[in-house]
Amino acid sequence: MARARDTDACPGALQVHQAADGALVRVRLPGGMIDAAQLSALASVSERLGSGTLELTARGNVQLRAISDVTAAAEAIADAGLLPSATHERVRNIVASPLSGRIDGRADVRVWVRELDGVIRADPGLAELGGRFWFSLDDGRADVSGLGADAGVHVFEDGCGLLLAGRDTGVRVPPEDAVAALTAIAMRFVDLRGKAWRVSELDDATALWPGAKLGAGFPVVTRPQLGWITQNDGRIALGAAVPLGVLPARVAEYLAAIEAPLVVTPWRSVLVCDLEVEVADVALRVLAPLGLVFDEHSPWLSVSACTGSPGCGQSAADVRADAAGLLDADSAVHRHFVGCERACGSPATGEVLVATGDGYRPLRK
Ligand code: SF4
């Protein structure tokens, strides 16, 4: 079913969203990849011009709130190399298996992330994709294929499976054709979309690829890999969840100070990669007291929240504060707190609790 509206309100670094607490800037990180200097630059922008926090999104991007000088923020983001295209900044939405190339998997999809990003930016027509359309590249471990991207590749034993709206189409292409196939799907979507912004909004998604059939989806992965993770090369990756996805700029600076490659995951965690054992040991001791979560049994992994008050004018409550106050180590299901029935950021599974002004009620089970 096509949507009635024809404007793309999705924020970027240049086209910002005016929220109740000021300008909201979203910075795309294809594959969630960011280096230490870039993370430090974002932390500095947030401290100097914004709320002093970095919000991690479910697409592995970063957003900054309450930005007082949008032009100065965009300049700093561009200087850090995080704004390589003014025309395509909001359509570089690529989620990839965060540990690809470092631990197991059938392919190193990091190469495809960079290639796909380059192809997207080079095609003027793909600027029309819109900020909500996103790609997934799963190296075969089945971590991101279940997240329901519009167009995806999943590496099987017998080739790369093409996914539409998170569902296997039955089509297999050789690995060397994976990026070209995703690009072709995106171009076809631009031609066919009408007023649709997502593949799931098309009347017939199979029209995006000859012979495609919409088969089964993949199980939804809801939690990141945390703690001490030994890479195939013997080095260490540290997996740190960020409570409610809100990373204080001060903590981001500590992460950047390790001077290691970083990956922001779609589960609102950060991987600090390629560490020698001694460095990882020290880093873990420094980071753990700062509020980052390394324990896979932490109650923080069972709770999430929309922006709520004061950032969103629609909210009936400060849902983040309430979610933090209602942590439940024994909760059997994930609980997502929202400030109104729009239920932004609701996960595919779990319980959504909507603020009433006098507590919370279940929105759906
Ligand atoms: S769910 Fe409602 S209150 Fe929460 S961010 Fe969305 S619009 Fe705002």
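In each ligand, atom 1 is the first atom listed, and ligand 1 is the first ligand listed.
Contacts of Ala316 with ligand 1, taken as heavy-atom pairs under 4.0 Å, are absent altogether.
Those atoms of ligand 1 with a heavy atom of Ser315 less than 4.0 angstrom away are 3 (S). For ligand 1, the atoms lying closer than 4.0 Å to a non-hydrogen atom of Gly339 are 3 (S), 4 (Fe).
Surrounding CG of Asp233 are more than 12 heavy atoms belonging to other residues, nucleotides or ligands, all under 6.0 Å away. The number of heavy atoms from other shown groups lying within 6.0 Å of OH (Tyr254) does not exceed 12.
You'll find the side chain of Val91 stays beyond 4.5 Å of the side chain of Phe133, heavy atoms only.
A salt bridge links Asp274 and Arg102; the closest N-O separation between the charged side-chain nitrogens and carboxylate oxygens is under 4.0 Å. By the 4.0 Å N-to-carboxylate-O rule, Glu157 lies close enough to Arg106 to be salt-bridged with it.
Atom 6 (Fe) of ligand 1 has Cys344 among its coordinating residues (N/O/S atom, backbone or side chain, under 2.8 Å).
Tested against Val293, the residues Ser298, Pro299, Ser269 include a single side-chain contact (heavy atoms from CB on, under 4.5 Å) partner, Ser298.
Closest to atom 2 (Fe) of ligand 1, if we only count protein heavy atoms, is Cys340 SG, 2.3 Å. With respect to atom 4 (Fe) of ligand 1, the closest heavy atom belonging to the protein is Cys306 SG, 2.3 Å. For atom 8 (Fe) of ligand 1, the closest non-hydrogen atom of the protein is Cys312 SG, 2.2 Å.
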